[in-house]
Amino acid sequence: MIRQQVEEFLFQVLRARPEETDLSSVSVDSTRDPAHGDLALNAAMVFAKQWKRPPREIAEELAASFRTSPLIAAVEIAGPGFINFRIAPAAYQELLREILAQGPAFGTRTAKEPRREQIEFVSANPTGPVNVVSARAAAVGDTLARLFEAIGIEAEREFYVNDHGNQVDHLLDSVLYYLNGEKGEFPENGYRGDYVSEIAAEARSGFLALLVEGEEDPDTARLAALREAIPALVAGDSGPWEGASPEAGSAVSVTAATRRGLLRQWVLERMLAWQRNDLEAFGVRFQSWFRESSLHAGSDIDDTYAGLEKSGDVFENDGAHWFRSTKYGDEADRVLVRSNGQPTYFLADIAYHRTKAERKYDHAIDILGPDHHGHIARMLGAMRALGCPDEWLEIMIVQQVNLLKDGKPVKMSKRAGDFIALRELIDEVGTDAARFFFVMLKPNTHLNFDLDLAKSRSLENPVYYVQYAHARVCSVLRHAEAAGIEPGAHRKADLAFLTETDDLSLLKNLDRYPDTVEAAALTREPQRIPTYLKELASEFHGYYHKVKVVTDDRPLTLARLALLEGTRTVLQNGLALLAVDAPDAM
RNA sequence: GCGCCCGUAGCUCAGCUGGAUAGAGCAGCUGACUUCUAAUCAGCAGGUCGCAGGUUCGAAUCCUGCCGGGCGUACCA
């Protein structure tokens with residue numbers, strides 16, 4: 001806030017200069033070393049070349065014209081030509097007033113023009129509970145969406161459901177294996193894991209009770225009603241026949257084939273509900289679940305193919321229809337329609353992305369796992385062939401998590417049932433710690449996640465360090481009340497008493513928050529939030545030990561309580577971006 | 001072979017989109033609780049930012065080439 005104001009002022013002065021100036025690489029940054037003041041301007045070094053004059057000389061000249069702002073208490077020249085500014089305490093006091101006034105809104109802003117962003121992430125196959133490998137993408141994607149919302153961009157989270165391929169059938173076969181008493185061979189390509197037998201048991205006691213095998217019931221309306229009711233049945237928010245409305249308890253007679261189809265539908269819905277619950281427990285709620293099957297049901301695939309054909313980048317070879325993706329930087333051309341006439345997953349995926357464009361998002365982001373980086377060039381190429389603007393689709397890769405157990409990598413195989421569920425991670429280390437941990441790291445670096453370490457030493461997780469800072473602030477505020485200071489009195493404090501280095505240094509940290517939020521969103525680097533919060537917490541813990549807040553000096557006490565209130569607000573707002581709880585006590 | 005990502009302290013990682021003396025946590029060492037929560041703080045020690053060039057007033061950051069690690073290279077989804 002202060003930084004932006006100072007920047008605005010300095011740029012105004014610089015633009016008024018008689019010389020030709022290029023301000024593109026001029027920046028106002030907060031300093032690392034307090035000896036360098038609060039903010040630093042690099043303009044003199046940038047101009048040295050443009051103006052062909054020594055930087056220190058330019059700095060001297062510029063500095064003189066910067067002394068007029070009430071925000072600036074002192075201007076100094078240092079090093080190769082940095083112009084350092086010391087910010088007036090009054091400016092920091094005003095910042096605090098602003099933080100207290102804005103509360104939860106501090107660090108957020110509204111956009112000049114409304115924008116709709118779409119973020120697609122997780123999009124795991126609906127064949128098992130959400131895997132811990134998806135957890136990082138879930139945390140990163142959701143935090144990114146929250147960051148966009150904070151800077152005034154409407155962000156919609158979407159989960160792409162791959163319900164068309166034969167994986168769901170493989171899952172169904174596995175469920176049937178358990179339903180049929182585990183007789184015979186376990187199905188080829190089947191899915192193992194306790195969840196499969198759990199679903200089978202659920203189906204047996206619930207859904208299947210609504211079906212009787214035999215001749216198809218002539219009352220097709222009842223069958224259609226049952227089909228419709230499946231999502232509600234799974235969600236458990238209606239009785240078996242509410243919404244379907246035939247006579248209570250009476251089962252529908254169906255053929256074996258229909259029964260299989262209905263059960264497939266039920267298994268799919270059950271799996272999606274399971275995934276939705278896991279993700280919500282992790283603080284992630286998708287506004288949209290887009291089904292691949294809906295593309296095949298309509299004309300999207302054909303329309304997309306036609307669109308690509310129009311671009312001239314489609315050709316026929318060996319009876320198949322290909323997209324010339326090599327034209328767009330891919331290593332090889334890709335098949336759109338197989339020689340047997342079936343569309344490939346790739347074509348469906350293009351059709352899917354085409355619907356995003358049609359759904360009028362201003363921009364879309366895909367968050368993919370590292371095993372999909374080969375898809376980037378061909379997907380971007382296809383969108384370009386369809387006439388989509390270059391920048392419209394952005395594809396981010398979130399690197400995989402290498403799980404370690406006993407210091408050894410854990411092999412993850414869903415088919416073998418040999419994976420760690422997100423739910424299990426939540427139970428072991430908690431949502432707060434897991435989310436903080438996953439977002440703490442740059443998305444495109446490999447991450448080693450030692451399960452034993454996360455479980456046994458969860459108290460050493462940095463999330464507690466930040467949460468403890470928040471709890472401590474609350475504790476001091478409670479203590480002040482116990483010491484006879486009426487609640488809320490600090491909101492009317494005279495902030496002019498905040499003049500000491502420790503107070504101002506804490507305020508300087510609070511000032512960095514809005515910039516940090518914006519940078520994190522624009523650079524797609526959500527780890528900047530945890531990093532900032534750790535620094536703020538550290539600053540506060542130090543302050544706490546050094547400065548006794550509640551003393552006999554009532555005016556100063558009130559002013560410092562206001563400072564703590566501001567610190568609490570920023571900690572809360574930052575943690576909310578991560579969907580991490582800010583406890584009042586620990 | 002080709003393509004993408006990564007390489008910073010013993011370990012796990014930051015490093016504010018090119019700035020001043022590269023920082024935390026853990027592990028090691030020394031101190032601080034009759035004082036607002038010690039899940040904390042103050043301090044010591046620990047570095048050829050993979051290597052070599054280049055661009056720049058200035059490089060961990062940008063470019064090139066090597067070295068090392070991961071992943072990908074289907075008429076699968």
Side-chain angles (χ1 to χ4, degrees), chain A residues 25 27 29-33 35-36 40 42 44-46 48-49 54-55 78-82 84 125 127 162 164-167 292 317-322 329-332 334-346 348-349 369-377 397 399-400 402 437 440-442 444-450 453 457 459-465 467-469 471-480 482-483 512 515-516 519-520 522-523 525 527-528 530-532 534-535 537-538 540-551 557 560-561 564 585-586:
Chain A
S25 45
S27 63
D29 302 302
S30 57
T31 58
R32 194 170 299 178
D33 186 345
H36 297 141
N42 64 353
M45 277 104 72
V46 174
K49 193 169 190 186
F82 286 103
N84 295 330
N125 285 332
T127 52
N162 298 124
H164 179 75
N166 40 22
Q167 304 114 300
E292 184 190 357
N317 191 26
D318 292 339
H321 299 253
W322 301 67
D330 199 3
E331 305 154 34
R334 307 291 166 182
V335 172
L336 295 169
V337 181
R338 289 182 267 255
S339 47
N340 66 7
Q342 287 299 305
T344 58
Y345 178 83
F346 178 45
D349 207 15
D371 48 335
H372 285 80
H373 69 244
H375 295 230
I376 297 176
I397 296 291
Q399 287 294 335
Q400 197 148 337
N402 300 316
F437 197 85
M440 196 168 77
L441 301 148
K442 234 183 301 184
N444 62 350
T445 57
H446 303 260
L447 151 65
N448 294 317
F449 192 101
D450 190 321
L453 201 74
R457 296 168 149 184
L459 286 186
E460 291 169 9
N461 194 305
V463 70
Y464 295 98
Y465 184 79
Q467 288 182 318
Y468 184 50
R472 233 180 187 176
V473 170
C474 295
S475 166
V476 177
L477 292 172
R478 279 193 299 269
H479 173 81
R512 287 171 49 216
D515 274 343
T516 304
L522 296 181
T523 59
E525 292 186 359
Q527 85 281 357
R528 293 188 189 205
T531 300
Y532 168 79
K534 281 188 285 178
E535 284 165 6
S538 170
F540 170 72
H541 284 308
Y543 180 88
Y544 173 86
H545 275 269
K546 215 168 153 192
V547 178
K548 177 111 171 117
V549 173
V550 181
T551 64
T557 297
R560 285 187 165 152
L561 288 173
L564 293 206
M586 287 174 78

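Order of the sequence lines fixes the chain letters, A, B, ..., with proteins taken first and strands second; residue numbering starts at 1 for each chain.
Closest contact between the side chain of A/T445 and the listed nucleotides B/A14, B/U17, B/G72 involves B/A14. Taking every side-chain heavy atom of A/A40 into account, B/A20 is the closest of B/A20, B/U37, B/A14. Side-chain proximity of A/T523 to the nucleotides B/C36, B/U17, B/A77 is greatest for B/U17. Nearest to the side-chain atoms of A/V335 among the listed nucleotides B/C75, B/A77, B/G15 stands B/C75. For A/E331, the side-chain atoms get nearest to B/U73 when compared with the rest of B/G15, B/C36, B/U73. Out of B/C36, B/A77, B/U12, the shortest distance to the side chain of A/E292 is found at B/A77.
Residue side chain A/S339 reaches the base of B/C75 through a donor-acceptor N/O pair under 3.5 Å, judged by distance alone.
Contact check for A/L564 versus A/R560: no side-chain heavy atoms found under the 4.5 Å cut-off. The shortest side-chain heavy-atom distance between A/V337 and A/Q342 does not fall under the 4.5 Å cut-off. Side-chain contact check for A/R334 versus A/T344: every heavy-atom pair is 4.5 Å or farther apart.
What separates NE2 of A/H545 from C1' of B/U35 is a distance of 12 Å, to the nearest Å. Between the CZ atom of A/R32 and the P atom of B/G18 there is a distance of 14 Å, rounded to whole Å. The separation between A/H373 atom NE2 and B/C71 atom P is 11 Å, rounded to whole Å. In this entry the distance linking NE2 of A/H375 with P of B/C71 reads 16 Å, nearest Å. Look at NZ on A/K548: it is 18 Å from P on B/C41, rounded to the nearest Å. Atom-to-atom, CG of A/N444 to P of B/G7 comes out at 8 Å; the value is rounded to the nearest Å. Whole-Å rounding puts the A/H446 NE2 to B/G7 P distance at 9 Å. Between the NE2 atom of A/H541 and the C1' atom of B/U37 there is a distance of 10 Å, rounded to whole Å.
Remark: B/U17 base-pairs with no nucleotide; criterion is Watson-Crick or G-U wobble with both hydrogen-bond distances under 3.5 Å. For B/G46, there is no paired nucleotide, since no Watson-Crick or G-U wobble pair has both relevant distances below 3.5 Å. Pairing partner, B/G25: B/C11, with both Watson-Crick or wobble hydrogen-bond distances short of 3.5 Å.
Geometrically, A/R472 does not engage A/F540 in a cation-pi contact, judged by NZ or CZ lying under 6.0 Å from the ring centre and within 45° of the ring axis.
Side-chain atoms of A/S475 never come within 3.5 Å of backbone atoms of A/A471 as a donor-acceptor pair (strictly under, hydrogens ignored).
Here, B/G68 and B/G50 have their C1' atoms 7 Å apart, quoted to the whole Å. For the P atoms, the distance from B/A74 to B/A27 is 47 Å, rounded to whole Å. B/G1 and B/G65: their P atoms are spaced 15 Å apart (whole Å). On the P atoms, B/A22 is 10 Å away from B/C49, given to the nearest whole Å. Distance check on atom P: B/C62 versus B/A14 gives 15 Å, rounded to whole Å. Going from the C1' atom of B/G58 to that of B/C2 covers 37 Å, rounded to whole Å. Here, B/U8 and B/G15 have their P atoms 14 Å apart, quoted to the whole Å. Atom P of B/G18 sits at a distance of 13 Å from the matching atom of B/A60, rounded to the whole Å.
Looking at heavy-atom distances under 4.0 Å, A/T531 makes contact with sugar-phosphate atoms alone, never a base. Among the atoms of the strands shown, base atoms are found under 4.0 Å from some heavy atom of A/A78. At a threshold of 4.0 angstrom between heavy atoms, the contacts of A/A519 with the nucleic acid are absent. Residue A/K546 is out of contact with every strand shown, counting any heavy-atom pair closer than 4.0 Å. Across all strands shown, A/L522 has no heavy atoms under 4.0 Å from either base or sugar-phosphate atoms. Nucleic acid contact class of A/N42 (heavy atoms, under 4.0 Å, all strands): base. Using a 4.0 Å heavy-atom cutoff across all strands shown, A/A471 reaches at least one base atom of the nucleic acid. Using a 4.0 Å heavy-atom distance criterion, A/V547 is classed as a base contact. Residue contacts shown for A/A377 are absent, as no nucleic acid heavy atom lies under 4.0 Å away. Counting any heavy atom pair closer than 4.0 Å across all strands shown, A/Q527 reaches sugar-phosphate atoms only and no base atom. When heavy atoms are screened at a 4.0 angstrom cut-off, A/K49 is found touching the sugar-phosphate backbone but no base atom. Residue contacts shown for A/A483 are absent, as no nucleic acid heavy atom lies under 4.0 Å away. Residue A/D330 is classed as having no contact, given no heavy-atom separation below 4.0 Å to the nucleic acid. Residue contacts for A/P462: at a heavy-atom cut-off of 4.0 Å it reaches no nucleic acid atom on any strand shown.
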Quiz item: Would A/V335 and A/F346 count as a side chain to side chain contact (heavy atoms under 4.5 Å, CB included) if you check the C-alpha gap in whole Å, the side-chain angles of each, and the deciding distance to 0.1 Å?
Solution: CA-CA 8 Å; A/V335 172; A/F346 178 45; over 6 Å; no

Quiz item: Are A/H541 and A/Y468 close enough, and set up right, to give a ring pair (Phe, Tyr, Trp, His ring centres under 6.0 Å), and what steps lead you there?
Solution: CA-CA 9 Å; A/H541 284 308; A/Y468 184 50; 5.5 Å; yes

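If A/R334 and A/Y468 are placed on RNA chain B by their nearest nucleotide, the residue sitting closer to the 5' end is A/Y468. Between A/Y464 and A/Y544, the residue anchored closer to the 5' end of RNA chain B is A/Y544, taking for each the nucleotide with the nearest heavy atom.
Proximity of A/N340 to the phosphate of B/C75: no side-chain N or O atom is located under 4.0 Å from OP1 or OP2. Applying the 4.0 Å criterion to OP1 and OP2 of B/A77, one finds that A/R338 has a side-chain N or O inside that range. Contact annotation: A/Y465 side-chain N/O to B/A24 OP1/OP2 distance is not under 4.0 Å. At the phosphate of B/A38, OP1 or OP2 sits under 4.0 Å from a side-chain N or O atom of A/R472.
Side chains of A/Q399 and A/N444: no donor on one and acceptor on the other come within 3.5 Å. Side-chain contact, A/S27 with A/D29: a donor N or O sits under 3.5 Å from an acceptor N or O.
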